[in-house]
Amino acid sequence: VFLHFAKEHLPVGGRVVIFQREQENKSRPHSRGEYNVYSTFQSHEPEFDYLKSLEIEEKINKIRWLPQQNAAHFLLSTNDKTIKLWKISERDKRAEGYNLKDEDGRLRDPFRITALRVPILKPMDLMVEASPRRIFANAHTYHINSISVNSDHETYLSADDLRINLWHLEITDRSFNIVDMKPANMEELAEVITAAEFHPHQCNVLVYSSSKGTVRLCDMRSSALCDRHSKFFEEPEDPSSRSFFSEIISSISDVKFSHSGRYMMTRDYLSVKVWDLNMESRPVETHQVHEYLRSKLCSLYENDCIFDKFECCWNGSDSAIMTGSYNNFFRMFDRNARRDVTLEASRENSKPRASLKPRKVCTGGKRKKDEISVDSLDFNKKILHTAWHPLENIIAVAATNNLYIFQDKVN
């Protein structure tokens, strides 16, 4: 099941849309089931902080599934300030024949009840219900940018610009502050937290990235307060390439552990890097996402695109990675074959069952027939959110208010 969350450019913000994969068609054994809308619900509403005279948008920043324990699904969703735990369950039966209520729900006169009835369950049309089970509020002064469920299935973290809090899924009225980067004097503020994630297997290990292009790994066994990191990942800057924009484009917008837990991936503005957790000095791989934009940084700064937060993701075997770009392009890198491809998610090019053709960007000189000029890229069309199926080659790509799902071609 893939997720797509509604942003401010949709008619209604704060909504969660869940897609479910349909059963495969038995008449076409090699065909894969389509993804269709399973449930839609309003997760957050606009709020107003009267103490700070601050409007809190309903826009959802992050959604994370909890590991499935029973027939119901659970997920965490958050806007800038409030995290909610939702239960998504199915109901295909209803109880009839109550003793104290009529069929229309009205209470019966107790003096007219002469016999005891046993209610029976009758089938009904399938109904998917989304109900809020917990609300975790009032713990963040700044905007929440990350939530991550721990491998112990009991706790999760939430991170804002300056602090990371540890929550228990059953306790809503308190959280434990494990990282606090707020200086005594805010004028001395040099960096902010941009993303945070728990290790997939070791419940005591977490990482968080900063706007200075660094990643800190913390071990909660060594200290309950993780202000002192265990490892510090930073690539030395090349002095010859330093410019006015160096600090902005080095800011990390996303950090993701590999499924194996051996590597982690970071995304900055122009590149995606793969780090070995045993080597802090430099990444083991650096993949250029859109290096052709380096000459356009001035105009990207003026239209604020340089501050866009691109996410990245691994495939199920950690052999490939994916991240988004502009013009509805997204990039895929095969780590083993050292190959990469640029694909486009658009309604014009994405007819059902049609193969995606690789796209190329021309940076100068004579443009070939199938190439697109860097000057004609649409910076309003951007792919910030991507997801990869944990077991199969199926990807989900969110382009503005459209969700595209692609799969590798089956012969």
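Note that the structure is predicted; figures quoted are calculated from it, not measured.
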(message) Please tell me whether Tyr38 and Glu90 have a donor and an acceptor in their side chains that are separated by less than 3.5 angstrom.
(response) yes
(request) Check whether any side-chain heavy atom of Asn278 lies under 4.5 Å from a side-chain heavy atom of Arg262, and answer yes or no. (result) yes
(message) Ignoring hydrogens, what is the shortest heavy-atom contact between Ala196 and Ser148? Give both atom names and the distance.
(response) O-CB, 4.1 Å
(message) For Lys81 and Asn79, which I'm curious about, is there any donor-acceptor pair between the side chains at under 3.5 Å?
(response) no
(request) Give a yes or no on this: more than 12 heavy atoms of other residues, nucleotides or ligands lie within 6.0 Å of atom CG of Leu100. (result) no
(request) Would you confirm whether the ring centroid of Phe310 sits within less than 6.0 angstrom of the ring centroid of Phe330? (result) no
(message) For Tyr404 and Asn328, which I'm curious about, is there any donor-acceptor pair between the side chains at under 3.5 Å?
(response) no
(request) Step by step, work out the side chain to side chain contact (heavy atoms under 4.5 Å, CB included) result for Glu237 and Glu247. (result) CA-CA 10 Å; Glu237 186 187 19; Glu247 197 167 310; over 6 Å; no
(request) Run the salt-bridge test on Lys87 and Glu129 with the 4.0 Å N-O cut-off and return the result as yes or no. (result) no
(message) Walk me through whether Glu96 and Arg94 qualify under salt bridge (charged side-chain N to carboxylate O under 4.0 Å, His left out).
(response) CA-CA 7 Å; Glu96 287 187 1; Arg94 70 172 186 271; 2.9 Å; yes
(request) State, with a plain yes or no, whether a side-chain heavy atom of Asp180 is found less than 4.5 Å away from one of Leu225. (result) no
(message) Between the side chains of Lys381 and Glu344, is the shortest nitrogen-to-carboxylate-oxygen separation below 4.0 Å, so that they form an ion pair?
(response) no
(message) Nearest 0.5 Å, please: how far is CG in Leu166 from CG in Leu206?
(response) 8.5 Å
(message) Working note: Leu377 + Tyr292, criterion side chain to side chain contact (heavy atoms under 4.5 Å, CB included); need CA distance, chi angles, decisive distance, verdict.
(response) CA-CA 11 Å; Leu377 295 174; Tyr292 47 80; 3.6 Å; yes
(request) Dump the intermediate steps for salt bridge (charged side-chain N to carboxylate O under 4.0 Å, His left out) on Glu170 and Arg134, then the final yes or no. (result) CA-CA 8 Å; Glu170 300 292 329; Arg134 307 271 188 281; 2.5 Å; yes
(request) Identify which one of Ser251, Ser253, Ser209 satisfies the side-chain hydrogen bond (donor to acceptor under 3.5 Å, both in side chains) criterion when paired with Thr194. (result) Ser209
(request) For Asp378 and Asn327, test the side chains for any donor-to-acceptor distance below 3.5 angstrom and give the result as yes or no. (result) no
(request) Answer yes or no: is there an ion pair linking Asp219 with Lys231, defined by an N-O contact shorter than 4.0 Å? (result) no
(message) Using ring centroids (six-membered ring only for Trp), state whether Trp314 and His259 fall under 6.0 Å.
(response) no
(request) Verify the distance criterion only: is there a donor paired with an acceptor across the side chains of Asn145 and Asn61 at less than 3.5 Å? (result) no
(message) Can you confirm if the aromatic rings of Tyr156 and Phe136 lie within a centre distance of less than 6.0 Å?
(response) yes
(message) What's the separation between atom CG in Leu217 and atom NE2 in His199, rounded to the nearest 0.5 Å?
(response) 8.0 Å
(request) Quickly, which of Thr82, Asp80, Asp160 forms a side-chain hydrogen bond (donor to acceptor under 3.5 Å, both in side chains) with His140? Name it, please. (result) Asp160
(request) Please say whether more than 12 non-hydrogen atoms of neighbouring residues, nucleotides or ligands are located less than 6.0 Å from CG in Asn36. (result) yes
(request) Establish, from distance only, whether the side-chain atoms of Ser319 and Asn336 form a donor-acceptor pair under 3.5 Å. (result) no
(message) Any donor-acceptor pair under 3.5 Å linking the side-chain atoms of Thr155 with those of Asp152?
(response) yes
(request) Provide the closest heavy-atom pair for Ala224 versus Phe176 in the form atom of the first, atom of the second, distance. (result) O-CE2, 3.7 Å
